[in-house]
Protein chains: 2
Amino acid sequence: MPAAELAELAALLADRTRAAVLVALLDGRAWTAGELARAAGVAPPTASAHLTRLVEAGLLREHRQGRHRYVRLAGPEEAALLEHLLAYAGPGRPAPTLRAATASAALARGRTCYDHLAGRLGVALADALVARDLLTADLTTTPAGLAWFDALGADFTGTRRPVTRACLDWTERRPHLAGAAGAHLCAWLHDRGWVRRSGTGRAVAVTDDGRVALADLLGLVAP
Amino acid sequence: MPAAELAELAALLADRTRAAVLVALLDGRAWTAGELARAAGVAPPTASAHLTRLVEAGLLREHRQGRHRYVRLAGPEEAALLEHLLAYAGPGRPAPTLRAATASAALARGRTCYDHLAGRLGVALADALVARDLLTADLTTTPAGLAWFDALGADFTGTRRPVTRACLDWTERRPHLAGAAGAHLCAWLHDRGWVRRSGTGRAVAVTDDGRVALADLLGLVAP
DNA sequence: GCGACGGTTCGGTCCCGGCCGAAGTGTCCC
DNA sequence: GGGACACTTCGGCCGGGACCGAACCGTCGC
């Protein structure tokens, strides 16, 4: 019986254009319909129909503002679902063009995964937190870790969301930190100017300040 | 760039018949092509083509024996992938017919998930192991747990597979025990005759002996 | 040997769904 | 108010792929 629903869900992702849209939205930001049409390489009417379908299925949430239609992933569950599939589908063969190769190298170095950090940067952060006994090996908080996040201004009370979650990284094939703590850490590093989006997409790079600060704070050799 | 591979993978699952085949194979057993054709409700040629496609994609492995073509899930990764999707797609609306309702009730009570136990039974087992301090709250083994599994005859050395893994249960929406330990526990309970497949599919029920033994051993009130 | 059976190959049908261009609706800005 | 702009609706085209029946190939059992 659940086979029908499985097929229905998979059908939503089984189209190059919709897949491109979802992957773009994995950066956790809201995109306009036009931006997504350009990113996916299709005409506006085509993108419009796809977005309607994804919104109706509940994978995306939309927010209309003036003449713009903003759209974003519905929530962390949807991001996790996509990450699982991407982790299985794998990075595949290397990128064919130089331009694509440098872009995917930047993504492999560091990127956002919905609302937390992934790529070599994400994995290295998780490793550093484990090495400092702030997280256990399976990425749940230790008492010291809870205190540490508290010092960062995190408040995990009153949220139904798990504080920590291990998210399988689809380039590194190792888990990085997701959940409320992962999201807070990502936002905190951005606020400090220690990491910054590079380029238009999901790629994230450590700033010079960040490189020093992270080495100092966590003994992290930033990728 | 990974969008194309995501769409390709999803397309494999985006068909009712292939989805039905994969869900059937989630019991971890090898099925013949004919059995799967009947289970999915299609003619033999149709099933044959689907199986070829799934095998070529690497989701299934086949084993030809005489005039039979046996087919099974390629490995635990594939099972985990399907479970993730099913957990998201959810149990949906209740079953429309009485026959289907009793079948899905049996599945919800207990079933195999590839090679370990799931459903209320699987979740209850995991809870009992946590309560006895054999597993941590996130379903990794404690030292006592390792000793306990050792006493069960489990040998986790020399396997690349994780000893424990939390697998999100798509009926209970809570994690149950997967990984090498989950598989061993499932096999061990079967060997003892404490659980037994009921019906033709994945459903599993606790036997009378098992009910007594599990209450005795783990304080478990079997579902 | 010979029939029964499981599975596959082939050919043909049919339908779903992705795509775009043109035209329409509403919003913003001057 | 008028023109540029973001987006949507509509109509029509086209390709892919799911399905089956018929015929074919190998294996099993007598």
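No hydrogens, no waters, no symmetry mates; every other heavy atom, side chains included, goes into these values. Every chain is numbered from 1 and lettered A, B, ... according to where its sequence line falls, protein lines coming before strand lines. What you see is a predicted model; the values in this text were computed from it and never measured.
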Student: Of all nucleotides in DNA chain D that come within under 4.0 Å of a heavy atom of chain B, which is furthest toward the 5' end and which toward the 3' end?
Tutor: D:dA18 to D:dC28
Student: Please compare B:D15 and A:A33 by the position of their nearest nucleotide in DNA chain D and report the one closer to 5'.
Tutor: A:A33
Student: Do other residues, nucleotides or ligands put more than 12 heavy atoms under 6.0 Å from A:R211 CZ?
Tutor: yes
Student: If you assign each of B:S48 and A:G66 to its closest nucleotide in DNA chain C, which residue comes earlier from the 5' end?
Tutor: B:S48
Student: Just checking A:T52: base, sugar-phosphate only, or nothing, at a heavy-atom cut-off of under 4.0 Å?
Tutor: nothing
Student: Would you say the side-chain atoms of A:R72 pair up with the backbone N or O of A:R29, donor to acceptor, closer than 3.5 Å?
Tutor: no
Student: Do B:L60 and B:L73 have side chains that approach each other closer than 4.5 Å (heavy atoms only, starting at C-beta)?
Tutor: yes
Student: Give a yes or no answer on whether the side chain of A:H184 reaches the backbone of A:A180 with a donor-acceptor pair at less than 3.5 Å.
Tutor: no
Student: Quick check: closest heavy atoms across B:L54 and B:L12, and the distance to 0.1 Å?
Tutor: CD2-O, 4.2 Å
Student: Quick one: label A:R16 by what it contacts on the DNA or RNA (base, sugar-phosphate, nothing), any heavy atom closer than 4.0 Å.
Tutor: nothing
Student: Please evaluate residues A:R18 and A:L59 with respect to the criterion side chain to side chain contact (heavy atoms under 4.5 Å, CB included), reporting the C-alpha separation (whole Å), side-chain torsions for both, the decisive distance (0.1 Å), and the verdict.
Tutor: CA-CA 11 Å; A:R18 282 195 298 272; A:L59 285 178; over 6 Å; no
Student: Find which nucleotide of DNA chain C each of A:R53 and A:R67 is nearest to by heavy atoms, and output the residue with the more 5' nucleotide.
Tutor: A:R53
Student: Give the first and the last nucleotide of DNA chain C, reading 5' to 3', that has any atom under 4.0 Å from a heavy atom of chain B.
Tutor: C:dA4 to C:dT9
Student: Mark yes or no for whether B:T17, through its side chain, and B:A40, through its backbone, hold a donor-acceptor pair below 3.5 Å.
Tutor: no
Student: If you apply the rule salt bridge (Lys or Arg N to Asp or Glu O under 4.0 Å), what do you find for B:R111 with B:D169, and how did you get there?
Tutor: CA-CA 11 Å; B:R111 64 179 180 278; B:D169 197 289; 3.1 Å; yes
